[in-house]
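Remarks on the structure that follows.
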Protein chains: 2
Amino acid sequence: MQLNRPAPLAIQVAKSLRKLLQRSEYITGGRLPSEPELAAQFGVSRGTIREALAMLEREGMIFRRHGSGTYVNKHALRIQARIEAALEFSELLRQAGFDASIQLVQAEIEPLPPDIASLLDTDTDTPALFVKKLFLADDQPAIYCIDVIPERLIQSPYTEEELQRPIFDFLKTHCNESVVNVWAEIIPEIAEEELTRLLEVDPCKPLIRLEEVSFNSLNLPILFSRVYYKDQFIRFSVLRKKV
Amino acid sequence: MQLNRPAPLAIQVAKSLRKLLQRSEYITGGRLPSEPELAAQFGVSRGTIREALAMLEREGMIFRRHGSGTYVNKHALRIQARIEAALEFSELLRQAGFDASIQLVQAEIEPLPPDIASLLDTDTDTPALFVKKLFLADDQPAIYCIDVIPERLIQSPYTEEELQRPIFDFLKTHCNESVVNVWAEIIPEIAEEELTRLLEVDPCKPLIRLEEVSFNSLNLPILFSRVYYKDQFIRFSVLRKKV
DNA sequence: GAGTGGTCTAGACCACCAG
DNA sequence: TGGTGGTCTAGACCACTCT
């Protein structure tokens, strides 16, 4: 059994601060205590505090003014789903305020087409597991997802029930793989035939399609996903930095 | 006149490393020198090196393995346009390999509708400058953009020619404002009427629409933008982190 | 001038990976 | 076992803002 080592101090501090920011007590005028004060309060060094604040700043929770202070960003409140965070779909829907459920559409072994094979650093026609799932928000279809895993990665037999659980769990359990990074392309799409039926939308309705390749800690591609999102249920946001 | 202070060491180091990574010399087997080695080579502390490497890791250029080393991420090469980087459109098109040109479609003062007024923390019907521009990639329409600036921010008269230049330049010159952050929503859209004409696409073609609010260093909203991208010219990527 | 965040350093100890 | 990246500290100096 693997023990949970304590999380780095900066992450613990960031988590504490996130909670404190949501209940906006102890902050007067949207301003946080100074770095030395926070360091004293948490009993850590200023460097650790700065690391925690840098995380919150990247998330858009706070902003900082040199010579003045650190402030709560009130404009961050409207945000629904941050695209940089690769969440389970069910979790995503839950955070957006819906009840989430999963419906397995199809699961089968098929040879990889050239485009996906290339993205997975694999030969064309290598057999792979294709899992098609529908995610319901309050019982209405919201997300349709096709996951593709090369069959050679799968090390133990699985049941149909297990395919309905998050694909990341499946990768952990049956492939002994953990996803660290996900590269995604953002593509606008028109619903057609199969999609209109599955997602129950009118023909010619716009959707967001994400084409994703998931990598493990060795930076090897282990999963390809093609995901369609209905804008009515999930709208992604992103904090862009001027360069 | 304002002098350019030297950039932070970590940023200079990151810039050097980016160049070195593109020409893949001096790296054997995709592995970078160790942190102490890099610190010695650049003549800076290990902390500064780690800060630079953290930037490159967030950009997806490298990945790191505890106890093993720092490696070049060969999968980062396919990337076109990173959505986290808020670039000028012309620069974006140029990086995607096109010749970029700008066409002013319309500029006028109009009262703010409620939705945009709310995003800009302003009262409905406040007068604002609406600038509509078309960005051409190799002389074909690729991006259509509507910029909205509250009129009260504009402090000096401007010419039509200046409206054709990047809006960030306009904000600097005539509003004395600099954009630091941009909050964006990613929305799938179907081209209709005006859009099909301006972007020269078939009706019912899918587009990416970004709805953006730009903030200055005091975190005050100063600009609203509604931007339509043709997927054939610009496709956004994002590096997502498993949470 | 006092206080804030921004930069940078040197040093320590640890967990992890490889031979 | 030696080298790697990961964490954490204390301290210094600077640039900036506010009053």
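All figures in this text were calculated on a predicted structure; none of them were measured in a lab. All chains are named by letter (A, B, ...) in the order of the sequence lines, taking the proteins before the strands, and each is independently numbered beginning at 1.
Within the structure, salt bridge (Lys or Arg N to Asp or Glu O under 4.0 Å) pairs that include any residue of residues 211-226 of chain A comprise Arg209(A)-Glu211(A), Glu211(A)-Arg226(A), Glu212(A)-Arg240(B) (at least two apart or interchain). Annotation: salt bridge (Lys or Arg N to Asp or Glu O under 4.0 Å) contacts involving residues 37-56 of chain B, sequence neighbours excluded, comprise Glu35(B)-Arg46(B), Glu35(B)-Arg50(B). Among residue pairs with one or both ends in residues 150-164 of chain A, those qualifying as salt bridge (Lys or Arg N to Asp or Glu O under 4.0 Å) are Glu161(A)-Arg165(A); sequence neighbours excluded.
Between the P atom of dT7(D) and the CD atom of Gln12(A) lies a distance of 12 Å, rounded to the nearest Å. Spacing between atom CD of Glu35(A) and atom P of dT7(C) amounts to 11 Å, rounded to whole angstrom units. Rounding to whole angstrom units, CG of residue Leu218(A) and P of dC16(C) are separated by 15 Å. One atom, CG of Leu38(B), and another, C1' of dT4(D), lie 12 Å apart when rounded to the nearest Å. Residue Leu9(B) contributes atom CG, which lies 15 Å from atom C1' of dA12(D) at whole-angstrom precision. Rounded to a whole Å, the CD atom of Glu37(B) is 11 Å from the P atom of dG3(D).
Residues Ile62(A) and Leu53(A) share a closest heavy-atom pair of CD1-O, 3.4 Å.
Residues satisfying the side chain to side chain contact (heavy atoms under 4.5 Å, CB included) criterion with Leu239(B), sequence neighbours excluded, are Asn181(A), Trp183(A), Arg82(B). In this structure Phe236(B) satisfies the ring pair (Phe, Tyr, Trp, His ring centres under 6.0 Å) test together with Tyr229(B), sequence neighbours excluded. Residues passing the side chain to side chain contact (heavy atoms under 4.5 Å, CB included) test with Ile102(A), sequence neighbours excluded: Ser90(A), Lys133(A), Phe135(A). Looking at residues two or more places apart in sequence or on another chain, you find a side chain to side chain contact (heavy atoms under 4.5 Å, CB included) between Asp121(B) and Lys74(A), His75(A), Pro221(B). The side chain to side chain donor-acceptor pair (under 3.5 Å) search around Glu88(A) returns none, not counting sequence neighbours. In this view, Phe168(B) satisfies the ring pair (Phe, Tyr, Trp, His ring centres under 6.0 Å) rule with no residue, not counting sequence neighbours.
Secondary-structure annotation of DNA chain C gives the stems C:1-18 with D:1-18, with a stem taken as at least 3 successive Watson-Crick or G-U pairs whose two distances both fall under 3.5 Å.
Heavy-atom contacts from other residues, nucleotides or ligands closer than 6.0 Å to NZ of Lys241(B) number more than 12.
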Set out, line by line, the N/O atom pairs under 3.5 Å between protein and nucleotides 17-19 of chain C.
unit_1	atom_1	unit_2	atom_2	d
dC17(C)	O4'	Gly67(B)	O	3.4
dA18(C)	OP1	Arg65(B)	NH2	3.1

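Heavy-atom distances under 4.0 Å link DNA chain C to Val44(B), Ser45(B), Arg46(B), Thr48(B) of residues 44-57 of chain B, given in residue order.
The Arg31(A) side chain lies nearest to dT4(C) when the options are dT4(C), dT7(C), dT4(D).
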